[in-house]
Number of protein chains: 2
Amino acid sequence: MAKVSFREQVLQAREDAIVASVNRLLAEKGFDLMTVDEVVADVGIAKASLYKHFTSKEELAAAAMVRVLERALAELERLRTLPGLSALERLKAVARWTMQVQLAGEMPSLPAQNSSLRAALVAHKVYMDRLLTLSDELGEWIGEAQEKGQLSPSLPPELVLYTLFARACDPVLGLLKAGGQYSDEQIIEMLLGTCFDGLTAASLAAKH
Amino acid sequence: MAKVSFREQVLQAREDAIVASVNRLLAEKGFDLMTVDEVVADVGIAKASLYKHFTSKEELAAAAMVRVLERALAELERLRTLPGLSALERLKAVARWTMQVQLAGEMPSLPAQNSSLRAALVAHKVYMDRLLTLSDELGEWIGEAQEKGQLSPSLPPELVLYTLFARACDPVLGLLKAGGQYSDEQIIEMLLGTCFDGLTAASLAAKH
DNA sequence: GTCTATAAGAGGATAGAC
DNA sequence: GTCTATCCTCTTATAGAC
């Protein structure tokens, strides 16, 4: 049992290395421009070896998405344990976290239109489970924030949810960072301000 | 002269048909998934004929972008002539127009990451001219709205500009439309509300 | 399970006749 | 300028030895 366990640990470590590379390359180039050859070159293994772990490029992307979804779920769990945070503050904290991940180059970006990828994702049980779990948990917070009037109660909850997901890969972050005028913190606080308070209201974060 | 002019009109009409197809396919599938074979099948010409008009797939995309940028510039001109519109109202009207174009399936979507495409676009004189013209004109309105306090003066103008561009291809529109619960008008008014007034403020549009 | 070598196919671009 | 037929590169995926 110990021998097998050790063996599997080595394999697991290799899979983790693969998924970490995929995650980074997906964030850097996106699904269509990322090639399997780049992945294996980055990890330092042969392509046939990779295909023993993952049966297709789509499954690679799914694994990377599962990874980031589980990181998000862990962040939600962490926020839940923090005392004294309102539902709105927790939602803002989640949005801040996703923007931090994106600016760190760790947010895999998948095209919304690639049909082979979409088909593989909706058929991927673990991915769908994590996605739905995350949506449910965020939906709870959204409902709570709306009940208390912290979020506009007249907005459909799914609009708020979609908006949070969309801001996690908002190109505005990358454009502002490319401008080089502002620190990551400033960018994030400004975008949090526009997301929750809009372009018309004064962004509190711009005072930095 | 008349003969040549007529000839060129025919060629121009064919080019317009090509660009219209490209525009639609770019909106539908995006640059990477759109193939030149699909374009020529849609237009009904041979591939070699298309390459007499456009020297590469990238140039096709640039032509489609020029087309939509010129439509946008025309919309700005139209809005300028409307009496009694404040700068903020004009900016909202532009945002509404871009969302209408997107929901109509006429907004070409280019990946921000494709380097060969980006290189071709920044090297494309007409595209860059239209893009900079549009940015300048919108920048005027943004500055005006900020001076009058209609837009938060503490936000960097380029952040507002980038946000307007980003909302023109915001995936939230497509997700809400796929849900089938709301009309195009409702979706647009809700997203205009969240864009300008934020998620926390009550969206006036949700009253429908 | 890992490797080298290669199959299989898609898709961008072009040659050459008309 | 338009067509048919073809080239060529890139990329996914696999065969088969170890």
Side-chain angles (χ1 to χ4, degrees), chain A residues 3-19 21-22 25-26 28-64 110-111 113-121, chain B residues 3-19 21-22 25-26 28-64 110-111 113-121 123-124:
Chain A
K3 271 197 328 193
V4 173
S5 175
F6 175 72
R7 248 184 137 92
E8 295 201 343
Q9 273 182 28
V10 173
L11 289 184
Q12 185 62 45
R14 171 156 284 193
E15 284 200 3
D16 289 345
I18 294 172
V19 176
S21 272
V22 170
L25 288 169
L26 279 183
E28 195 178 311
K29 331 184 65 173
F31 181 78
D32 292 318
L33 266 68
M34 180 191 79
T35 68
V36 179
D37 285 308
E38 285 174 326
V39 176
V40 297
D42 195 48
V43 181
I45 58 173
K47 189 151 53 168
S49 303
L50 183 145
Y51 275 97
K52 294 286 182 179
H53 293 273
F54 302 93
T55 64
S56 70
K57 185 185 176 185
E58 283 76 18
E59 210 176 308
L60 276 180
L110 305 184
Q113 297 146 328
N114 188 323
S115 53
S116 80
L117 179 57
R118 283 199 76 77
L121 286 180
Chain B
K3 269 197 329 191
V4 172
S5 175
F6 175 71
R7 248 184 138 93
E8 294 201 343
Q9 274 181 30
V10 173
L11 289 186
Q12 185 61 45
R14 171 156 283 193
E15 284 199 3
D16 289 346
I18 294 172
V19 176
S21 271
V22 170
L25 288 169
L26 279 183
E28 195 178 310
K29 331 184 65 173
F31 181 78
D32 291 319
L33 266 67
M34 179 191 79
T35 69
V36 179
D37 286 306
E38 285 174 326
V39 176
V40 298
D42 194 50
V43 182
I45 58 174
K47 190 150 55 165
S49 302
L50 182 145
Y51 275 96
K52 294 286 182 181
H53 292 273
F54 301 93
T55 64
S56 70
K57 186 185 176 186
E58 283 75 18
E59 210 175 308
L60 276 180
L110 305 184
Q113 298 147 326
N114 188 325
S115 53
S116 79
L117 179 57
R118 285 199 74 77
L121 286 179
H124 194 284

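Numbers restart at 1 for each chain; the letters A, B, ... are given by sequence-line order, proteins then strands. Only heavy atoms go into these numbers, but all of them, side chains included; no hydrogens, no water, no symmetry mates.
Nucleotide C:dG12 holds its P atom 12 Å from the CG atom of B:Leu25, rounded to whole Å. Separating the CG atom of A:Leu33 from the P atom of D:dC10 is a distance of 14 Å, rounded to the nearest angstrom. To the nearest angstrom, C1' of C:dT2 lies 12 Å from CD1 of A:Ile18. If you take NE2 of A:His53 and P of D:dT12, they are 18 Å apart, rounded to a whole angstrom. One can place CG of A:Leu50 at 12 Å from C1' of C:dG1, the figure rounded to the nearest angstrom. Note: CG (A:Leu60) to P (D:dT12) measures 10 Å, nearest angstrom. Atoms NZ (A:Lys47) and C1' (C:dG1) sit 17 Å apart, rounded to a whole Å. When the C1' atom of D:dT12 is taken as reference, atom CD of A:Glu38 falls 13 Å away, rounded to whole Å.
Using a 4.0 Å cut-off, some side-chain N or O of B:Ser49 falls inside it from OP1 or OP2 of D:dC3. Close to D:dA13, at under 4.0 Å from its OP1 or OP2, lies a side-chain N or O of A:Tyr51. Using a 4.0 Å cut-off, no side-chain N or O of A:Arg14 falls inside it from OP1 or OP2 of C:dG1.
A:Glu59 places no side-chain N or O within 3.5 Å of a backbone atom of A:Ser56 that could act as its donor or acceptor partner.
Here the shortest heavy-atom pairing between B:Lys47 and B:Asp37 reads NZ-OD1, 3.2 Å. Contact record, B:Leu117 with B:Glu58: CA-CG, 3.8 Å, taken as the closest heavy-atom pair.
Side-chain contact between A:Leu110 and A:Arg118 is absent, with no heavy atoms from C-beta onward closer than 4.5 Å.
Here B:Thr35 lies in heavy-atom contact (under 4.0 Å) with sugar-phosphate atoms only.
Partner of B:Lys57 under the side chain to side chain contact (heavy atoms under 4.5 Å, CB included) criterion, chosen from B:Thr35, B:Val36, B:Val39: B:Val36.
For the pair A:Val36 and A:Ala48, nearest-nucleotide mapping onto DNA chain D gives the more 5' position to A:Val36. Nearest-nucleotide positions on DNA chain D place A:Met34 closer to the 5' end than the other of A:Lys52 and A:Met34.
Among the nucleotides C:dT4, C:dA13, D:dT12, the one closest to the side chain of A:Ala46 is C:dT4. In this structure, of C:dA13, D:dC3, D:dT12, it is C:dA13 that holds the atom nearest to the side chain of B:Lys57.
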